[in-house]
Amino acid sequence: MTADQKKRLKKGLVQPILNWYRKNKRDLPWRSTRDPYKIWISEIMLQQTQVEQVIPYYSRFLNKFPSINTLARSDIDDVLKVWAGMGYYRRARYLHEAAIIMAERHDSKIPSNYELLAALPGFGPYTCGSVLSIAYNLPYPAIDGNVTRLISRLFKIESDITRTAAKRTIENIVDNLIPMNKASEFSQALMEMGATVCKSKKPKCQSCCCRKICRAYNEMSNPEILPIKTKKKRNVHFHIAAGIVRNGNTVLISKRPENVILGGLWEFPGGKKEKKESLGAACVRELESKTGISAKIVRPLMSIKHHYSHYSITIHFFCCSYSSGRVDTSISKWVKIDDLDKYAFSKVHQQIALKIRDGGC
DNA sequence: AAATCGGGGAT
DNA sequence: ATCCCAGATTT
């Protein structure tokens, strides 16, 4: 990029975007603070998660863990409890681990240096760039899905944006656009443009402040086809059988191991049905292997279909009665029905917990 | 480069 | 149904 091109882009693109942002930015909770800790929490929560979904979790999290030190000293189970229902639970684990490292090695502060930041768990290219620019006003690009879409259209990038070369191209463009001493505003402005104007479907090109210089708008019949992205392969489907084992006013729950889907969360124990196996048999078998007890099926309670990113499941829940055996207390435990709300469950199991409290099973 | 990792909203 | 969302890590 020549100095002359840069100058032209500054006038025709950077300044209009900054002006547009000042007038049109949404009033979001993390925009009323300059506390790097709070900005960090918001950035992690917003990964692959919509703004509306994050807002209630954000305030609850900061209320419970108001500082790096409170987070670092907390138990991971308490962090997961606050996170429960938001998905991508490894984010909570990385937050906790990073807070511990910051407390131990960085004077309980978030580093303002790229290399130190990138060495922390959960700090990839985007999060490093967003924290450095938004919290510290340093000139690093924060390139998320919104920015990728916006830039690919403004500059008509028709190569596959999942590939490294295209990512590098976009990063170079943004890097060259960052205005002096306005990195914080600029990062947020680019993302806000992508989120509210240059949307994936039905972009608001007519009211876009970059309309005059947008190559996709001016040169293509349909700017919506950008960015180009390779398609993900289709989903697989599984059947899961899970048991709700009541014993008096208690119920049996198990903790999922780390490093698996929904890792570290509690659940009503169960697992995949095998071929040529009935759901009831699968339930009894899984209860035995996961908790150590033998149980009998009383009746089916309900089945829930659920979609994850790369596969979908149907979980068949059965009301069961305890027969014999002792629970393997390293993984499973009997808990009072009234105490179910003290444990971190995924959305599906939260539904079941509610049903049990309301007298189901 | 591709797979893994949740849940919800828009179309 | 399919894609997308303020992505990072592992394979």
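Atoms considered below: every heavy atom in the structure, side chains included; atoms not considered: hydrogens, waters and symmetry mates.
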| message | Categorize Trp40(A) for me: base, sugar-phosphate, or nothing, with a 4.0 angstrom heavy-atom threshold over every strand shown. | response | nothing

| request: Take the protein atom CD of Glu224(A) and the nucleotide atom P of dC4(C), then report the distance between them rounded to whole Å. | output: 11 Å

| What is the nucleic acid contact for Arg31(A), judged by heavy atoms within less than 4.0 Å: base, sugar-phosphate only, or nothing? | base

| query | Rounded to whole angstroms, how far apart are CG on Leu150(A) and P on dC5(C)? | reply | 12 Å

| note | Among the nucleotides dT9(C), dA1(B), dC5(C), whichever has the atom closest to the side chain of Thr164(A) is dA1(B)

| message | Using whole Å, what does the distance between atom C1' of nucleotide dA6(C) and atom CZ of Phe123(A) come to? | response | 14 Å

| query | Taking the six-membered ring for Trp, are the ring centroids of Trp83(A) and Tyr57(A) within less than 6.0 Å of each other? | reply | no

| task | Evaluate disulfide (SG to SG under 2.5 Å) for Cys319(A) paired with Cys361(A), printing each intermediate quantity in order. | result | CA-CA 6 Å; Cys319(A) 301; Cys361(A) 280; 2.0 Å; yes

| task | Considering only atom P, compute the distance from dA2(B) to dC3(C) and round it to an integer number of Å. | result | 16 Å

| remark: Lys229(A) atom NZ is separated from dG7(C) atom P, nearest whole Å, by 10 Å

| Spacing between Arg149(A) atom CZ and dA6(C) atom C1', to the nearest angstrom | 11 Å

| query | Is the Cys205(A) SG less than 2.5 Å from the Cys214(A) SG? | reply | no

| query | Charged N to carboxylate O below 4.0 Å: is that the case for Arg163(A) and Asp160(A)? | reply | no

| query | When all nucleic acid strands are considered with a 4.0 Å heavy-atom cut-off, which category describes Thr162(A): base, sugar-phosphate, or nothing? | reply | nothing

| query | Out of dA8(C), dC4(C), dC5(C), which has the shortest distance to the side chain of Ser200(A)? | reply | dC4(C)

| Between atom NZ in Lys305(A) and atom C1' in dA1(C), what is the gap in whole Å? | 12 Å

| query | Can you give one letter per nucleotide of nucleotides 5-11 of chain B, going 5' to 3': B for a protein heavy atom under 4.0 Å from the base, S for sugar-phosphate only, - for none? | reply | BBBBS-S

| message | By nearest heavy atom, map Arg26(A) and Gly122(A) onto DNA chain C; which one lands nearer the 5' end? | response | Arg26(A)

| Is the distance between the ring centroids of Phe345(A) and Phe268(A) under 6.0 Å? | yes

| Taking the six-membered ring for Trp, is the centroid-to-centroid distance between His306(A) and Phe238(A) below 6.0 Å? | no

| Between Lys290(A) and Asp328(A), is the closest basic N to carboxylate O distance under 4.0 Å? | no

| field | Inter-nucleotide C1' distance (dG6(B), dC5(C)), Å rounded | value | 12 Å

| request: Round to the nearest Å and state the distance from Ile143(A) atom CD1 to dA8(C) atom P. | output: 11 Å

| field | Same-atom distance (P) from dT11(B) to dA6(C), integer angstrom | value | 14 Å

| field | dG7(B) and dT10(C), which share atom name C1', separated by this distance in whole Å | value | 22 Å

| note | Rounded to whole Å, CG of Asn146(A) lies from P of dC3(C) at a distance of 18 Å

| said: Same cluster or not: Met220(A) versus Val197(A), using hydrophobic residues (I, L, V, M, F, W, Y) connected whenever any side-chain heavy atoms lie under 4.5 Å apart? | reply: no

